[in-house]
Structures are given as structure tokens and as C-alpha cells.
2 protein chains.
Amino acid sequence: MNNKEKLRNAGLRPTKQRMIVANILLDGFNRHFTAENLQDEIYTSGNSMSIATVYNCLKKFKNCGLIKQVETSKDTAIFDTNTDYHHHFLNEETGELIDIENEEISLHKLPEIPQGYLNNGIEVIIKLKRQN
Amino acid sequence: MNNKEKLRNAGLRPTKQRMIVANILLDGFNRHFTAENLQDEIYTSGNSMSIATVYNCLKKFKNCGLIKQVETSKDTAIFDTNTDYHHHFLNEETGELIDIENEEISLHKLPEIPQGYLNNGIEVIIKLKRQN
DNA sequence: CAAGTAGTTTAGAACGGTTTTAAAGTAAAA
DNA sequence: TTTTACTTTAAAACCGTTCTAAACTACTTG
Ligand SMILES: [Mn+2]
Ligand SMILES: [Mn+2]
Ligand SMILES: [Zn+2]
Ligand SMILES: [Zn+2]
């Protein structure tokens, strides 16, 4: 399925801008990135896009599940092209994230979900500090 | 141990402002709160404090382990008076956090920590959505 | 105790990431 | 083709947080 089809499939109009973003993000190589990182890549690819559009795109892509946002308290939002269920190491000093594949971790015994709610995803973050 | 001693013990001068904050936060009842929540409580208690001081205090209290900051991608920092090792349910709609005690969850099989780094804390977040 | 000094508080400005505004442009539907 | 709904954009606004620099306070030393 090509990127145009992926956008259509997700219920998004394949505009020029969304195609530029899709061509960068959905290239098969997973990455963690900020809105600014993405805008830089867009420039590098010979295109340009207002920062408002970058944010609009990311919100749409996220809402339809083409990308995820990582749960971290850094002041800049971090997005993830890896939409599989997985977890992260977080280097708190640098903000760098490293994927932990689902098989590398196992949660035994989960707490009871509060009345009236559903489990909508579990995120495990293992914070790292440099040795010494 | 009284709050003045707790501050001294943590290497912090027990200034008037830090005592006001300690008297609110270290009252034995755990809570999740923002800087603004705390400033409101300070006003309610009949005192006042500049927002810069509220942030200065929170940073100091956090750095010496009197409080924690929760790992969440909400745009406002959320602090926690519960410094025990524990985890959270996150209602993504409202931002509300609910504690998960350490005994209620168990991580079996942890991934290998990358070379040169140490595990500096694990945080599990179970995102909740309302049923229906 | 008094004097010195290192740390703290503060109002206000600055900062930086993100969202809003409103007008022009584009994609899809009729 | 015409109409309609959606999208893009530059610029401004927004808002949580940090910085600045001057006044103040806690602690140390004599
Ligand atoms: Mn923040
Ligand atoms: Mn954020
Ligand atoms: Zn990832
Ligand atoms: Zn908690």
C-alpha cells in the first residue's frame, strides 16, 4: 500500500503537505522525533512547511494511528513512527529514547482497572543514568 | 521528625517559603499536583508566594527527593508527594492520575540495560479511557 | 552580639513550544 | 463547473516555565 492509499485509508485527504510528511515518516525506518526535527527533515528534502502545518499534520497522523506520541515529561513533544506496542528507555540527561520491544519485557499481574474505565494502553519507561 | 528537620536533613535552608510549602505538601496525605495547584493551596492557607518561588521550591524538593515528578506528556508538569516506588493510571481525557501501589503490578523479565547505563527508575503508566 | 557572605525571594521580562486566527488556497462533492 | 468543506499559512497569541537583577534573609565567623 502506497502512502497516498495509507492516508486515504486513514480518512485523511492526501494533500501535498501530508504526502511530504508521509514520505518522510512512513519510509519503513522507525524513529523518535519532535515537530522541529520533522520540519528540518522537510527542509532537507527540498520542501518547506509552516510550523502550524507540521503540528496539524502530526495531530492528524496521531489521531488516526499512523504515529504515536511518547509519554514523557520533557518540555517538547516526542513522536514515534513505531506504532507497535512497545516501551522505552529514557536517557533523562539527553532526552534520548531507545525502543524496548514488547518481547523484552513482561508485565505479570496487572492492577484492577477502575470501575467504568478501559485499559487504553500501557507504557513502561525505564529511566537511565550514566554509570559513574 | 518535623518539617524543619526534614528540610535541614535534605540540605535545604528552612526559609519561611519552604516551610509554607513543606507544611502543605508533607502533611501525610499524598497528592498529585501542578505548580499552580500548589500556589492556590498556599493562598488558601492564608499565605502568598511568587510563582518563581513556587517553581524554585518544587525543583529543590524534587532534587532532594522530598517529592517526585510524574512522567507524562501533559503540557503542565505534575508532581507527586508519594515518593515510594509506585505507578499510575492516567485518565488521558482529564489528566487525572491514580496511584498503583508497587504490589499491584509486577514486572517480570526486564530488558538488558544498555552498556554504560544504570536503571534509574521504572515508571509504568496505564492509560485509561471511559467505557463506551 | 555585629559584620560579612552565601543563598533566597521576587516582580517582571523573556523564552520556547504549541495553538489560534483569519484569510487565501485546494480537494472533493454535487 | 460550481459549490462546499477542508487545509495551509504567517503572524499573533498563549501559557507554562525560566531568567534577571535587585532586595532580602539565613547562616557563619569573629
Ligand atoms: Mn512542561
Ligand atoms: Mn509537551
Ligand atoms: Zn519507540
Ligand atoms: Zn503517584
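Naming convention: chains lettered A, B, ... in sequence-line order (proteins, then strands); numbering from 1 in each chain. The structure displayed is predicted, hence computed values, not measured ones.
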With axes from five pairs an end, tell me the bend angle of the helix from dC1(C)-dG30(D) to dA30(C)-dT1(D), nearest 10°.
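The angle, to the nearest 10 degrees, is 30°.
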Residues passing the ring pair (Phe, Tyr, Trp, His ring centres under 6.0 Å) test with His32(B), sequence neighbours excluded, are His88(B)
Using the test ring pair (Phe, Tyr, Trp, His ring centres under 6.0 Å), find all partners of His87(A) that sit at least two apart in sequence or belong to another chain.
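Residues passing ring pair (Phe, Tyr, Trp, His ring centres under 6.0 Å) with His87(A): Tyr85(A).
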Not counting sequence neighbours, which residues clear side-chain hydrogen bond (donor to acceptor under 3.5 Å, both in side chains) with Glu101(A)? List them please.
none
Transitively linked via ILVMFWY side-chain contacts under 4.5 Å: Tyr117(A) with Ile105(B)?
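Yes, Tyr117(A) connects to Ile105(B) through the hydrophobic network.
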To the nearest Å, give me how far apart [atom1] ([X]) and [atom2] ([N]) are.
X	N	atom1	atom2	value
Gln39(A)	dG16(C)	CD	P	16 Å
Asp75(B)	dG16(D)	CG	C1'	8 Å
Met19(A)	dA27(C)	CE	C1'	14 Å
Leu58(B)	dG16(D)	CG	C1'	13 Å
Lys4(A)	dT26(C)	NZ	C1'	13 Å
Lys74(A)	dT17(D)	NZ	P	15 Å
Lys59(A)	dG17(C)	NZ	P	17 Å
Phe61(B)	dT9(C)	CZ	P	9 Å

Qualifying side-chain hydrogen bond (donor to acceptor under 3.5 Å, both in side chains) pairs, either residue in residues 14-24 of chain B, two or more places apart
Asn3(B)-Asn23(B)
Pairs touching residues 121-132 of chain A that satisfy side-chain hydrogen bond (donor to acceptor under 3.5 Å, both in side chains), sequence neighbours left out
Glu123(A)-Lys127(B), Lys127(A)-Glu123(B)
Which atom of Asn82(B) lies closest to which atom of Asp80(B), heavy atoms considered:
N-OD1, 2.9 Å
Would you mind listing every salt bridge (Lys or Arg N to Asp or Glu O under 4.0 Å) that reaches into residues 107-116 of chain B, with sequence neighbours excluded?
none
When clusters are formed from ILVMFWY side-chain contacts under 4.5 Å, directly or step by step, what else is grouped with Val54(A)?
Leu7(A), Leu12(A), Met19(A), Ile20(A), Val21(A), Ile24(A), Leu25(A), Leu26(A), Phe33(A), Leu38(A), Ile42(A), Met49(A), Ile51(A), Tyr55(A), Leu58(A), Phe61(A), Leu66(A), Ile67(A), Phe79(A)
Per-nucleotide protein contact string for nucleotides 6-13 of chain D, where B marks a base within reach and S marks sugar-phosphate only (heavy atoms under 4.0 Å, - for neither)
BSBBB---
